[in-house]
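Here is the structure we will look at, set down as structure tokens.
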Protein chains: 2
Amino acid sequence: MNTKMDRRKKYTRMVLKDSLMQLLKEKPISAITVKELCELADINRSTFYSHYGDHYDLLSKIEEEIIEDMQEKLQMFNMWTEELIPIEMILEYIVDKKDVFLVLLKENGENNLHKRVRNLAHGFLVNHLMRMHSIEKDKIEYLSMFIVSGSIQMIISWLDRGMDKSEKELAGMINTFANKGLLGVESL
Amino acid sequence: MNTKMDRRKKYTRMVLKDSLMQLLKEKPISAITVKELCELADINRSTFYSHYGDHYDLLSKIEEEIIEDMQEKLQMFNMWTEELIPIEMILEYIVDKKDVFLVLLKENGENNLHKRVRNLAHGFLVNHLMRMHSIEKDKIEYLSMFIVSGSIQMIISWLDRGMDKSEKELAGMINTFANKGLLGVESL
DNA sequence: GACACCGTGTTGGCTATACAACAAACAGTT
DNA sequence: AACTGTTTGTTGTATAGCCAACACGGTGTC
């Protein structure tokens, strides 16, 4: 059902989300308390608990939101273009939420969003490669993982360097690197 | 009594205030509807009416707030300095709320804030002059009005020109102009 | 004049949030 | 171990805000 959410709920979730993002810029989630999060958001703590189990839950919800967004974008891509991966589209999305991605993709070690983005891209690329190439599924899995992981690290590095190239440039690079690998596979 | 206001009320008033200020940048209050104000603020209209009588009431409250703030600043000034008018202090305050002042002081014709600021400064300067000079109250009234009106117009012009001088510079100019006039009166 | 549309001011019922308080768990100190 | 301070998760009550609806007044069109 497409019932509109009460604006109070919308607001509460929004400020909690923004506040967690802000705190995550300063310290890892393990060093953040629900108390200070609510103080920053100016939201009563019991209200926080009526929405979320804890701040890890909130973070998970944020990540889910992002993944859903990206999934939507990828669905749109399925419909009409031939590019290997819709990298430019994804980069535009990432730039739009640069602060979030910088915080969440760069966090010490691999966290959930990193894994989720990778799995999303991986699943998409595997399907794409299987439709376009006659290669064993086994090999496609590895190839896809190779391309996706490489691409993600490139993107993280790019964000870290303050996006010193245009989206178009970076997308071109990623596609070139991905396609070169593909040519190698074709000659198997 | 110093009872803390419920944070919901605080938030509601704040967004309504900010939204009215934003709309006033685009059009005069007579062209603004309560409906669009509430839409912009994302606040239910009946909530608006539980806080304010109408949007003119809201504007009046905003102005009162500003006057009270300035009054506080002037009280502090009374306590410890010799300057004719605490212009630098006032300019700092005005810069801090530049957007508000630009909108409200510049509006077509004289509006309430213009009058209120003038009366506040006038009252202050009259008291000040009477303590420091032996001049007829009558003359002081005129003199004060002269200085205050001139100063306010200078400030409006300064805001309009994007504050092309530092606060210190403008304060210096205003004080010099005011004092020159004062010297003229002394030789009466 | 009739009609449609829009904004206003108001109302009643419901929902979300605030607030204070409590017990428990945890961490650090002596 | 005892103590202190902090955070957590929860609870009950009160408050503020939301929403939909209504009647009314004003405006413009036919």
B:H51 NE2 to C:dG9 P, in whole Å, measures 16 Å
Got a sec: does the OH of B:Y142 have more than 12 other heavy atoms crowding it under 6.0 Å?
no
One thing to verify: whether B:D57 and B:K61 come together as a salt bridge, which I'm taking to mean a side-chain N less than 4.0 angstrom from a carboxylate O.
yes
Can you find a donor-acceptor pair, distance only, under 3.5 Å between A:S46 side chain and C:dC19 base?
yes
Distance-only, no hydrogens or angles: does the A:H55 side chain make a donor-acceptor pair with backbone N or O of A:L37 under 3.5 Å?
no
Is it the case that the side chains of A:D69 and A:Y93 hold a donor-acceptor pair, with the cut-off being a distance below 3.5 Å and no angle test?
yes
I want to verify a distance call: between D:dC18, D:dG9, D:dA16, whose nearest atom is closest to the A:Y49 side chain?
D:dG9
Sugar-phosphate, base or nothing in reach of B:T12, heavy atoms under 4.0 Å:
sugar-phosphate
B:Y56 OH to C:dG7 P, straight-line distance once rounded to whole Å
15 Å
Distance criterion of 3.5 Å, no angle test: do you see the side chain of B:R45 paired donor-to-acceptor with the base of C:dG9?
yes
When all nucleic acid strands are considered with a 4.0 Å heavy-atom cut-off, which category describes B:N44: base, sugar-phosphate, or nothing?
base
Go through the N and O atoms of the side chain of A:R8 and the base of C:dT17, and report whether any donor-acceptor pair is under 3.5 Å.
no
With sugar-phosphate meaning primed atoms plus P, OP1 and OP2, does B:H55 contact a base, only sugar-phosphate, or nothing at under 4.0 Å between heavy atoms?
nothing
Between atom CG in A:D54 and atom P in C:dC26, what is the gap in whole Å?
15 Å
What nucleotide among C:dC19, D:dT7, C:dT17 has an atom nearest to a side-chain atom of B:R7?
C:dC19
In whole Å, I'd like the distance from the CD1 atom of A:I43 to the P atom of C:dA18.
5 Å
Rounded interatomic separation in angstrom, taking CD from A:E39 and P from C:dA18
13 Å
Taking NZ, NE, NH1 and NH2 as the nitrogens, is one of them in B:E39 or B:R45 under 4.0 Å from a carboxylate oxygen of the other?
no
Value in whole Å for how far the C1' atom of C:dT17 lies from NZ of B:K4:
14 Å
To the nearest angstrom, how far is B:F48 atom CZ from D:dA16 atom C1'?
16 Å
